[in-house]
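Just below is one structure, and these are the notes that go with it.
Residue numbers count from 1 along this sequence. Please read all numbers here as calculations on a predicted model, not as lab measurements.
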Amino acid sequence: EDEQIVAEIMGRRFFPNLIAYKSWEGFRFAGHEIRITEATDCYGAVVWPSVQYFCTGTGLVSIVASLLGAFVTATDLPELLGNLQHNVLQNTKQKCKHQPCVKELSWGIDLEKNFPRSSCHFDYIMAADVVYYHPFLDELLLTFDHLCKNDTVILWAMKFRLENENRFVDRFQTLFDLEMISSFPSLNIALYKAMRKGRMKT
């Protein structure tokens, strides 16, 4: 079953027939061909493994959610916003019921200023490959804590690489209930659902 699902998802991916001056990858989701332009000058602007299997430095998850009719706020680091904005606009303009918003999000920084608790409410937070070897895991947990209301659902795709991921999961579970809803053992990728402690519905 794992290999069949992975093959189906990978079947949605395509590449340009001709070499172009900009590097891009194509995906087929929600009845649309989505072209993701990759910036090769920084790691955050390439398509990471869990992003491909989840459906965002590149915007793929945000684009698909927008095409399916959701109100979407796509976020990334300040230096990646240009690439994210380009991909979101290129793939959603005049195709979506609600044009997605693109906002800067640096984990743990100016959270109340940029995402005030009193006015920001997210039904879902979709995170792909946010846990890897970097020194900002405390800030990531703080950001999840700030953005989540009691009824917010986190959908989180993660590729396990190092012990770092397991340690973060342990800390994450002090605040949130976590349930694995899908697993791709051949790729070492899992998809989780999470909610604040005591709020997970059976």
Checklist line | Under the ring-ring contact (aromatic ring centres under 6.0 Å, His included) test, residues paired with Phe144 that sit two or more places apart | finding: Phe172
Note to self: List the residues meeting side chain to side chain donor-acceptor pair (under 3.5 Å) with Thr92, not counting sequence neighbours, and say none if there are none.
What the structure shows: Gln99
Next item on the list: Could you grab the distance from atom CG of Asp145 to atom CG of Leu140, nearest 0.5 Å is fine?
Entry: 11.0 Å
Next item on the list: May I ask you to test the Asn83-Asp76 pair for a side-chain heavy-atom distance under 4.5 Å?
Entry: no
Check: Any salt bridge between Asp151 and Arg196, counting N to O under 4.0 Å?
Finding: no
Checklist line | Interatomic distance, Met195 atom CE to Cys148 atom SG [nearest 0.5 angstrom] | finding: 9.0 Å
Next item on the list: Give the C-alpha distance, both sets of side-chain angles, the deciding distance and a yes or no for side chain to side chain contact (heavy atoms under 4.5 Å, CB included) between Val169 and Tyr192.
Entry: CA-CA 11 Å; Val169 169; Tyr192 295 95; 5.6 Å; no
Item checked: Partners passing side chain to side chain donor-acceptor pair (under 3.5 Å) against Arg171 (at least two apart in sequence or in another chain) -> Asp138
Check: Is there a donor-acceptor pair closer than 3.5 Å between any side-chain N or O of His146 and the backbone N or O of Phe115?
Finding: yes
Margin query: Distance check, rounded to the nearest 0.5 Å: Leu191 atom CG versus Leu155 atom CG?
Written below: 6.5 Å
Checklist line | Over 12 non-hydrogen atoms of neighbours within 6.0 angstrom of CD in Glu3 | finding: no
Next item on the list: Keeping to residues at least two apart or across chains, list the salt bridge (Lys or Arg N to Asp or Glu O under 4.0 Å) pairs with something in residues 104-120.
Entry: none
Notebook entry, point to check: CD1/Ile63 to CD1/Ile34 distance, rounded to the nearest 0.5 angstrom?
Noted result: 6.0 Å
Next item on the list: Verify, without hydrogens or angle tests, whether Thr152 (side chain) and Phe122 (backbone) share a donor-acceptor contact under 3.5 angstrom.
Entry: yes
Notebook entry, point to check: side chain to side chain donor-acceptor pair (under 3.5 Å) with Ser186: which residues, sequence neighbours excluded?
Noted result: Asp2
Next item on the list: Could you list the residues that satisfy ring-ring contact (aromatic ring centres under 6.0 Å, His included) with Phe71, not counting sequence neighbours?
Entry: His98
Note to self: Could you check whether any side-chain N or O of Asn87 sits under 3.5 Å from a backbone N or O of Thr37, counting only pairs where one atom can act as donor and the other as acceptor?
What the structure shows: yes
Next item on the list: Kindly compute the distance separating CG (Leu60) from CD1 (Ile36), expressed to the nearest 0.5 Å.
Entry: 5.0 Å
Margin query: Rounded at 0.5 Å granularity, tell me how far OG in Ser66 sits from NE2 in His32.
Written below: 10.5 Å
Check: Counting distance only, does the side-chain N/O of Lys193 pair as donor-acceptor with the main-chain N or O of Asp177 below 3.5 Å?
Finding: no
